[in-house]
There are 2 protein chains.
Amino acid sequence: MKNLTRRQSEILTFISDVISNEGMPPTRKEIALKFGFKSANSAEEHLKALDKKGYIDLHGGTSRGISINKSFLGIPIVGSVAAGSPLLAVENVEERIEFNGNIFSDSVDYFLRVKGDSMNEVGIVEGDLIAINKRKDVKPGDIVVARINDDVTVKTLFHLDKRKVILRPENKNYKDIEINPSIENFDIEGKCLGVLRNYN
Amino acid sequence: MKNLTRRQSEILTFISDVISNEGMPPTRKEIALKFGFKSANSAEEHLKALDKKGYIDLHGGTSRGISINKSFLGIPIVGSVAAGSPLLAVENVEERIEFNGNIFSDSVDYFLRVKGDSMNEVGIVEGDLIAINKRKDVKPGDIVVARINDDVTVKTLFHLDKRKVILRPENKNYKDIEINPSIENFDIEGKCLGVLRNYN
DNA sequence: TTTCATACTGTGTATTTATACAGTATTAAT
DNA sequence: ATTAATACTGTATAAATACACAGTATGAAA
């Protein structure tokens with residue numbers, strides 16, 4: 001898919017925002033107003049560019065006839081994470097789900113598909129999607145996504161300071177993970193906001 | 001809140017459907033077309049009635065300027081169910097959540113807040129919201145919402161025929177529940193489609 | 001009985017809106 | 001060096017749209 005220019009990206013974001021806030025797509029005039037364009041035709045041309053690149057669909061002859069191509073919408077689901085790759089790298093995104101609403105306490109940056117049973121005792125089981133916010137300011141008690149030497153893991157944060165980090169699996173068959181962040185490569189990738197599970 | 005007439009209700013439903021399918025509210029003409037009105041003014045008058053009754057907001061001078069009042073949108077969350085009352089009775093609905101998207105395999109009629117630990121071993125814990133579809137055609141293996149003599153419970157359906165129903169808790173501290181539907185008052189309220197959990 | 005809400009048709013029109021065409025200037029690609 | 005895409009202004013207009021006013025008919029409420 002073709003890349004967007006900065007301006008095009010801003011406009012796509014604006015359209016998406018208007019749809020979620022106002023419940024309908026903006027008119028050319030409203031776009032022009034927002035960006036200070038003196039001619040609605042500027043908006044028209046940006047829309048054509050976005051349409052041509054496949055990011056939106058324009059419905060000719062229809063007022064507010066703009067729909068956003070769904071494959072760019074929605075929250076990515078991160079499946080298996082290739083060692084050392086950024087979590088949100090395209091190769092890790094297995095699909096996207098349309099998802100809006102105020103279900104979780106903060107905005108969801110991505111969903112991570114759970115592997116293994118290390119969190120079974122708090123009701124997080126294999127295959128579950130956990131909602132992640134990319135914040136780094138986590139505190140003990142939070143369930144976190146952490147990266148230890150290129151491996152990504154989900155655990156409860158038990159202790160965190162400059163010398164020592166303790167991650168706790170919620171399953172008595174597993175032992176606590178103790179890390180020295182000054183020696184090992186350690187990073188907090190985000191905080192778990194909640195769980196989504198879909199039975200078939 | 002004032003009651004809607006059958007026609008008004010149909011129109012409200014149509015508006016809601018158009019918004020979710022087309023991504024924008026319909027015009028008066030589109031409403032008239034759908035219902036076979038020969039004049040767009042019929043749609044106009046229904047919209048005014050819906051606005052007056054508080055179900056929608058009309059944005060004057062704006063094409064497709066219809067927004068649905070959010071307190072009627074969203075999926076109800078059923079909290080504690082008063083014995084013998086219908087699940088979706090107003091007094092059982094603790095709130096509603098805005099929720100759209102194709103997250104679950106079927107449409108969600110309501111969310112039920114889980115009480116107790118009888119389903120712990122399949123990752124359904126106290127406080128979880130489980131997504132329910134009101135179907136009655138459930139099969140063994142499904143997690144179901146059942147009503148036994150005015151009590152509502154969530155269990156795995158293990159066996160179902162005219163003489164005997166077995167509901168299985170997913171926790172070894174609990175025993176199977178065996179019901180004779182010809183003697184006891186038994187009803188399937190719905191099927192569990194998935195789980196939603198929100199950490200704070 | 002009279003008023004009011006509902007549920008329409010039919011006509012008309014001011015505004016809103018999409019969208020084409022003609023320009024100008026800047027930057028990226030060939 | 002030349003072309004094409006980007007990013008705008010400015011003007012114009014056909015079509016889409018909201019919405020008012022004038023009717024007709026029915027049933028429910030006061």
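Lettering of chains follows the sequences in order, A, B, ..., and the numbering in each one begins at 1. Since we're looking at a predicted model, the values are computed, not measured.
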Comparing Arg6(B) and Glu44(A) on DNA chain C - which has the more 5′ nearest nucleotide: Arg6(B)
State plainly whether the residues [X] and [Y] are in salt-bridge range, i.e. N to O under 4.0 Å.
X: Glu10(B); Y: Arg7(B); result: yes
X: Lys139(A); Y: Asp142(A); result: yes
X: Asp137(B); Y: Lys191(B); result: no
X: Arg147(B); Y: Asp187(B); result: no

Counting any heavy atom closer than 4.0 Å, what does [X] reach on the DNA or RNA strands: base, sugar-phosphate only, or nothing?
X: Lys29(A); value: nothing
X: Arg28(A); value: base
X: Ser42(A); value: base

Validation row, ring centre His46(A) to ring centre Phe14(A) under 6.0 Å: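 They do not qualify: ring centres at least 6.0 Å apart.
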Any side-chain N or O of [X] under 4.0 Å from OP1/OP2 of [N]?
X: Lys48(B); N: dA20(D); value: yes
X: Thr5(B); N: dA7(C); value: yes
X: Arg7(A); N: dT6(D); value: no
X: Ser63(B); N: dT16(C); value: no
X: His46(A); N: dA7(D); value: yes
X: Gln8(A); N: dA7(D); value: yes

Within residues 31-40 of chain B, residues whose heavy atoms come under 4.0 Å of DNA chain D: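 Going residue by residue through residues 31-40 of chain B, none turns out to have a heavy atom under 4.0 Å of DNA chain D.
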Partners meeting side-chain hydrogen bond (donor to acceptor under 3.5 Å, both in side chains) with Thr27(B) (sequence neighbours left out): none
Nucleotides 24-30 of chain C: protein proximity per nucleotide (B base, S sugar-phosphate only, - neither; heavy atom, under 4.0 Å): -------
Per-nucleotide protein contact string for nucleotides 23-30 of chain D, where B marks a base within reach and S marks sugar-phosphate only (heavy atoms under 4.0 Å, - for neither): --------
Check: Asp57(B)/His59(B) side-chain N/O donor and acceptor closer than 3.5 Å: no
Difference in axis direction between the ends of the helix from dT1(C)-dA30(D) to dA28(C)-dT3(D), five pairs, 10°: 30°
Identify every side-chain donor-acceptor pair in residues 177-186 of chain A under 3.5 Å, counting partners at least two apart or on other chains, and give the distances.
residue, atom, partner, partner atom, Å
Asn180(A), OD1, Ser182(A), N, 3.0
Asn180(A), OD1, Ser182(A), OG, 2.6
Glu184(A), OE2, Asn149(A), ND2, 3.4

